[in-house]
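Notes follow the structure.
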Amino acid sequence: MKEFISKKGIYIAVAAVVVAIAAAVSVALSGGSGFAALLSEPFFKPVKSVMTSLVSSLERVYGYMYRYDELEAENAQLKTEIAKLEEDYREYTQISEENARLRTLLGFSERHEDIVLEPVSVIAWTASNFSSSFTISKGTSSGLEMGDPVITEEGYLVGQITSVTSTSATVTTVIDTTLSVGALIYETGETGVASGQFDLFPDGLLRLSYIAESGSVLIGDTVVTSGSGGVYPAGLVIGKVVSISVTSSGLDPYAVIAPSADIAGSAHLYVITDFAVSE
Amino acid sequence: MRRGSTILRIIILTPYLALLYIFQSTVFTHLTVFGAKPLILPLAVAGVALFRGRVDGGIFGLFAGILMDLAYNQNTIQFTLILALTGLLLGILSDTVIVQGFPSYLLICFLELAVCSAFQMLSLMVLRGAPASLLTGIAIRQSLATLIFTFPMYYISRFLCRVM
């Protein structure tokens, strides 16, 4: 200890003080980390970089292990939120579609204030290849009766109720061979009878018969209900004329009509439970 | 006539019939082939009759017919009678002269569909005066659309009937 304090010790102490002062002056003058840092930087930077990366990786692993449960819970919560958002989106789409239908229906209702409508849903279609009918979700308990016309929200005629129970009803469509509807050409006022035919109904078409002459009906003309007989309200759109022909005898002209209603694709329909008979 | 546990047959054939009815009244009322809806219940009756014989064929045909009338949305018992009788007759043929195999199945399906179409056409011709030529066109479409499904229905029926 004595030797250390003597010569060597004094030299070391002086050197240390000089280095300390030099470092302090260097830091004070440069405003940075000083010459020591400048000297050590090239040696330690790669090592520090590797160490930082290593520590960072270890921290991630540790964090993953430590926060696994937390992440799992967060993941479950996010999944729930996504499911809810998807459900909201589906609901929104349904509401949007329903809104569009109701707006269209409102337009129809404003044009036909006398008509009372009951909304229904299609439950099932017949499996038959020889007829066209379907079952709807309401029956007599909702005020439905035999013979009530069924329409789309646009007011296109779909068919007529042909059998009814308290909770459901069978609708025979306009293309079925058992249904006949008093009709007229909207453009000319030419009258006829629209009815399904076995040669047309597999293709989803129907025939307008008993028209006076072929020249009075043109392709593209709109066929509407005439209202005669009081079964259907006047002015319901049945469809458009797609071709004009004559019967095999060559005497009776008839027009082939494509229904305006998407009969096979209808899911939400309206039953006309009451209307003012225009005769 | 084949042997087997009655309970096992009921356990296997009841859900099979229910599943077929659901398919017939939902999927196959929208799925059209050649512009016609296929009739899979009669194919199932032919399958059970071929592999299980007259008794099972007749009973399965009876219930399949009831469900077919429901799927047709009609109050008549047209298919109840047709499918019960064809199930019985095809079962007798299977018990006596017909060998079990796909060609036989195809043949009896064709016969069964011809009988079904004939009855449907006859009732429309008699009751509503519908022209036979137009009805024949629809009947041919219906039979062709249905016969496409004979291949899967044959193997399903064979598998189920072998399990019993």
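Quick note on labels: first sequence line is chain A, next is B, and so on, each numbered from 1. Computed over heavy atoms, backbone and side chain alike; hydrogens, waters and symmetry mates excluded. Everything numeric here is computed off the predicted structure, so don't read it as measured data.
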request  = Count the heavy-atom pairs under 4.5 Å between each of B/Met121, B/Met68, B/Gln120, B/Gln24 and chain A, then report the option with the highest count.
outcome  =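 Among the listed options, the one with the most contacts to chain A is B/Gln120.
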
Would you say that more than 12 heavy atoms from the other residues, nucleotides or ligands in this model lie under 6.0 Å from the [atom1] of [X], or not?
| X | atom1 | value |
| --- | --- | --- |
| B/Tyr16 | OH | yes |
| B/Phe23 | CZ | no |
| B/Phe102 | CZ | yes |

key: Heavy-atom side-chain contact between A/Phe198 and B/Leu124 under 4.5 Å   =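 A/Phe198 reaches B/Leu124 side chain to side chain.
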
query = Which residues from residues 132-143 of chain B are near chain A, with near meaning under 4.5 Å between non-hydrogen atoms?
reply =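 Within residues 132-143 of chain B, the residues that come under 4.5 Å of chain A (heavy atoms only) are B/Leu134, B/Leu135, B/Ile138, B/Ala139, B/Arg141, B/Gln142.
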
task = Considering non-hydrogen atoms only, spot the tightest contact between A/Ala264 and B/His30 and give its length.
result =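 Distance-wise, the nearest heavy atoms are O-CE1, 4.2 Å.
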
Closest non-hydrogen atom pair between B/Lys37 and A/Ser128, with its separation =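 Looking at all heavy atoms of both residues, the shortest contact is NZ-O, 3.4 Å.
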
ask   = Atom OG1 in B/Thr26, atom CD1 in A/Ile123: separation rounded to 0.5 Å?
value =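 Reported to 0.5 Å precision, the distance equals 13.5 Å.
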
request  = Working to the nearest 0.5 Å, report the span between CG of A/Asn129 and OG of B/Ser117.
outcome  =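 Output value for this atom pair is 8.5 Å.
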
task = Under 4.5 Å, heavy atom to heavy atom: which of residues 174-181 of chain A reach chain B? Give them by number, or say none.
result =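 Checking residues 174-181 of chain A against chain B gives A/Thr177, A/Thr178.
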
ask   = Is chain A contacted by the side chain of B/Leu39, its backbone, both, or neither, given a heavy-atom distance below 4.5 Å?
value =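 When you check distances to chain A, only side chain atoms of B/Leu39 fall under 4.5 Å.
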
task = Under 4.5 Å heavy-atom distance to chain A, tell me which part of B/Tyr72 shows up: side chain, backbone, both or neither.
result =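 Both backbone and side chain of B/Tyr72 come within 4.5 Å of chain A.
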
message = So for A/Phe134, is it side chain, backbone, both, or neither that comes closer than 4.5 Å to the heavy atoms of chain B?
response =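 For A/Phe134, the backbone is the part near chain B, not the side chain.
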
